[in-house]
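Scroll down for the structure; my scribbles are underneath it.
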Amino acid sequence: MQLRYNYRAYPDAAQCRALARAFGCARVVWNDCLRDRREAHAAGLPYVTSAELSRLRITQAKRTGERAWLAEVSAVVLQQSLRDLDAAYKNFFDSVTGKRQGRRVGPPRYKSKKDARQSVRLNANAFSLPGDGRVYVAKVGHLKIRWSRPLPADPTSVTVTKDSSGRYFLSFVVETEPDILPALGTEAGIDLGLSVFAVLSDGSRIASPRFLRRAEKKLKRLQRELSRKAKGSKNRAKARARVARQHARVADRRRDFHHKASTRIIRENQAVYVEDLAVAGLGRTRLGKSVHDAGWSAFTGMLEYKTAQHGRTFTRVDRAFPSSQLCSACGVRDGPKPLHVRQWTCGACGTVHERDHNAARNVLVEGRRIVAAGRAETPNARGAPVRRAPVPAQRREAGSPRKGHTTQAGIPGL
């Protein structure tokens, strides 16, 4: 399986200028090729092939005075930019024809030097690992990199990225074998929420860190300072960088929290079942800021790929499943309940339920049923061995600070 390892890079001034040239040249090739294909489509002409674009927009363009500076960067950067455009068109066509599952993918768009993220991709012919702790990139030089962990194998490609806060990252793609963990007899159903980030079917809870809420006071101050600066001035650029760095810190803390929580869940359970929430729809409601601050999609995505990596089972329960309406003790459907009802009593058996814990237990039962129906290689609810499934609103904002809890920065304990 393929894994991606991300590391922070620290280029010097000359290397920053070389990377800026590489970003710009890759962007120009992308935009030129995209323009040719759009104009051909508007004129009713056949689809322009990659070979023709490579000849016109890379090979011949280098010989003209208008695009002679394309020769200053590695040819691999330009060719990979064209391949990325082909991949974007393929994803768009597959999405339109129904071959690609998931949300609809739009057509490729033009890139701008003002985009929040600039990147170039290189294959093994344009970079190397000399063994001195640095990474050599063609026509850029030896980049200083902070190795947070060793690579498990030789990388097949690398992507050099500059984010909106001015940080540089190197992302390596590595072919590795799955790291199968010892089999366990425990399974977990997870109910995701806002007041509590996650409640597991065994009753354990993961507190909601609310990283954006904790940083809101400083972000408001930085944003006010940015709005007061004159457009186009150097002070405005500095203020914009300060805002971007603060947002990057919030995103880094959230990502670190997701990694630690998902790894712990995967190591302690053989199978994980989560509800397939409509995050995109919830993000357009009054709860949007709290929904995006929680990062449910990123968290469930980590659970999915980590289960595949470590030989666990992962299943999504349909969002239409009434996990909050069913009694986990007797199975009677007690009807919908408003969000402020956090505890209720079953009218049939008299069991007192805590709303989130009851929902997590129902997600566990429904996930087991889905796995058993798919003949998954994990014990179902009755302990029979089956084959593992394939892996591939309120009116007011719910993100107000909790009473009795501090707002210190950091990652709360699980």
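Computation of the quantities below employed the complete heavy-atom set of this structure, encompassing side-chain atoms and omitting hydrogens, waters and symmetry-equivalent molecules.
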**OP:** Go through the side-chain N and O atoms of Asn235 and Ser233 and say whether any donor and acceptor fall under 3.5 Å apart.
**Re:** no

**OP:** Apply side chain to side chain donor-acceptor pair (under 3.5 Å) to Asp84 and list each qualifying residue two or more places apart in sequence or on a separate chain.
**Re:** Arg121

Original post:
When you look at NE2 of His41, are more than 12 heavy atoms from neighbouring residues, nucleotides or ligands closer to it than 6.0 Å?
Top reply: no

Original post:
Looking at CZ of Arg37 and CD of Glu52, how far apart are the two atoms once the value is rounded to the nearest 0.5 Å?
Top reply: 11.0 Å

Subject >> Heavy-atom neighbours of Asp94 CG exceed 12 at 6.0 Å >> reply: yes

Original post:
If you measure only the distance, is there a donor-acceptor pair under 3.5 Å linking the side chains of Arg312 and Gln270?
Top reply: yes

Original post:
Do side-chain atoms of Thr156 reach the backbone of Val173 as a donor and acceptor pair under 3.5 angstrom?
Top reply: yes

Subject >> Closest contact, heavy atoms only, Asn91 versus Val105 >> reply: O-CB, 4.1 Å

Original post:
Do Asn123 and Gln80 have side chains that get closer than 4.5 Å, going by heavy atoms?
Top reply: yes

**OP:** State, yes or no, whether a side-chain contact exists between Thr176 and Met1 at a heavy-atom distance under 4.5 Å.
**Re:** yes

Original post:
Can we say Asp32 and Arg35 salt-bridge, meaning some charged N sits less than 4.0 Å from an Asp/Glu carboxylate O?
Top reply: yes

Original post:
Looking only at heavy atoms, what is the nearest atom pair of Ala215 and Gln246, with distance?
Top reply: CB-NE2, 3.6 Å

List the atom pairs, donor and acceptor, that lie under 3.5 Å between side-chain atoms in residues 125-144 and the rest of the protein, sequence neighbours left out.
{"residue": "Asp132", "atom": "OD1", "partner": "Arg134", "partner atom": "N", "Å": "3.2"}
{"residue": "Asp132", "atom": "OD2", "partner": "Arg134", "partner atom": "NE", "Å": "3.1"}
{"residue": "Asp132", "atom": "OD2", "partner": "Arg134", "partner atom": "NH2", "Å": "3.0"}
{"residue": "Lys139", "atom": "NZ", "partner": "Ala71", "partner atom": "O", "Å": "2.9"}

Subject >> Trp344 backbone acceptor or donor facing His353 side chain under 3.5 Å >> reply: no

Original post:
Checking Ser95 side chain against Phe92 main chain: does a donor-acceptor pair fall under 3.5 Å?
Top reply: no

**OP:** Mark yes or no for whether Glu354, through its side chain, and Asp356, through its backbone, hold a donor-acceptor pair below 3.5 Å.
**Re:** yes

Original post:
Can you check whether Ser201's main-chain N or O pairs, donor with acceptor, with His357's side chain at less than 3.5 Å?
Top reply: yes

Subject >> Test side chain to side chain contact (heavy atoms under 4.5 Å, CB included) applied to Ile266 and Val272, step by step >> reply: CA-CA 7 Å; Ile266 294 302; Val272 179; 3.9 Å; yes

Original post:
How close do Ser290 and Leu194 get, heavy atom to heavy atom, and via which atoms?
Top reply: O-CD2, 3.6 Å

Subject >> Pairing residues for Arg4 by the side chain to side chain donor-acceptor pair (under 3.5 Å) criterion, not counting sequence neighbours >> reply: Ser171

Subject >> Interatomic distance, Asp86 atom CG to Ser50 atom OG [nearest 0.5 angstrom] >> reply: 3.0 Å

**OP:** Find the distance between CG (Leu219) and CG (Leu226) and round it off to the nearest 0.5 Å.
**Re:** 11.5 Å

Subject >> Atom pair OG1 (Thr315) and CZ (Arg369), whose distance is rounded to the nearest 0.5 Å >> reply: 11.0 Å

Original post:
Does the side chain of Glu175 come under 3.5 Å of the side chain of Gln2 through a donor N or O and an acceptor N or O?
Top reply: yes

**OP:** Would you list the pairs meeting salt bridge (Lys or Arg N to Asp or Glu O under 4.0 Å) in which at least one residue belongs to residues 292-301, sequence neighbours left out?
**Re:** Arg254-Asp293

**OP:** Could you check Leu339 against Arg355 for side chain to side chain contact (heavy atoms under 4.5 Å, CB included), going step by step and ending with a plain yes or no?
**Re:** CA-CA 9 Å; Leu339 287 178; Arg355 182 191 184 106; 4.1 Å; yes

Original post:
Can you list the steps and then say if Arg167 with Arg245 is a side chain to side chain contact (heavy atoms under 4.5 Å, CB included)?
Top reply: CA-CA 9 Å; Arg167 301 180 301 176; Arg245 282 195 295 268; over 6 Å; no

Original post:
Is Asn358 reaching over with its side chain to a backbone N or O of Ser328, donor-acceptor style, under 3.5 angstrom?
Top reply: yes

**OP:** Keeping the roles fixed (side chain from Ser81, backbone from Val77), state whether a donor-acceptor pair exists under 3.5 Å.
**Re:** no

Original post:
To the nearest 0.5 Å, how far apart are CD1 in Ile265 and OG1 in Thr307?
Top reply: 11.5 Å

Original post:
With a 4.5 Å limit on heavy-atom distance, are the side chains of Ser323 and Val317 in contact?
Top reply: no

**OP:** With the side chain counted from C-beta on, respond yes when Cys327 and Asp334 share a heavy-atom pair under 4.5 Å apart, and no when they do not.
**Re:** no

**OP:** Report yes or no: does Asn31 contribute a side-chain atom to a donor-acceptor pair with the main-chain N or O of Lys111 at less than 3.5 Å?
**Re:** yes

Original post:
Should Val274 and Trp296 count as side-chain neighbours, where that means a heavy-atom distance under 4.5 Å?
Top reply: no

Original post:
Which heavy atom of Ala360 sits nearest a heavy atom of Leu200, and at what distance?
Top reply: CB-C, 3.7 Å

Subject >> Atom CZ of Arg319: over 12 foreign heavy atoms under 6.0 Å >> reply: yes

Original post:
Taking only residues two or more places apart in sequence or in another chain, which ones pass ring pair (Phe, Tyr, Trp, His ring centres under 6.0 Å) with His258?
Top reply: Phe197, Phe299

Subject >> Inter- and intrachain pairs under ring-ring contact (aromatic ring centres under 6.0 Å, His included), touching residues 7-38, at least two apart >> reply: Tyr7-Trp147, Tyr7-Phe172

**OP:** Side-chain contact test, heavy atoms from C-beta onward, threshold under 4.5 Å: evaluate it for Val365 versus Leu326 and give yes or no.
**Re:** no

Original post:
Does Gln79 use its side chain to pair, donor to acceptor, with the backbone of Val76 at less than 3.5 Å?
Top reply: no

Subject >> Pairwise distance CG(Leu170) to CD1(Ile145) - rounded to 0.5 angstrom >> reply: 4.5 Å

Original post:
If you measure from the Lys or Arg side-chain nitrogens to the Asp or Glu carboxylate oxygens, is any gap between Lys229 and Glu225 under 4.0 Å?
Top reply: no

Original post:
At their closest point, which heavy atom of Ser164 faces which heavy atom of Arg240, and how far apart are they?
Top reply: O-NH1, 3.2 Å

Original post:
Could you go step by step and tell me if Ser324 and Lys337 meet the side chain to side chain contact (heavy atoms under 4.5 Å, CB included) rule?
Top reply: CA-CA 8 Å; Ser324 297; Lys337 303 164 188 65; over 6 Å; no

**OP:** Step through the shown structure and confirm whether more than 12 heavy atoms of other residues, nucleotides or ligands are within 6.0 Å of NZ on Lys306.
**Re:** yes

**OP:** Of all the heavy-atom pairs spanning Glu187 and Leu364, show the shortest one and how long it is.
**Re:** CB-CD1, 3.9 Å

Subject >> Carboxylate-amine/guanidinium proximity below 4.0 Å for Lys260 and Asp256 >> reply: yes

Subject >> Gln118 side chain to Ser112 backbone, donor-acceptor under 3.5 Å >> reply: yes

**OP:** Decide yes or no for Glu304 and Arg316: does some side-chain heavy atom of the first lie under 4.5 Å from some side-chain heavy atom of the second?
**Re:** yes

Original post:
So, do Glu275 and Leu192 sit near enough that their side-chain heavy atoms are less than 4.5 Å apart?
Top reply: no

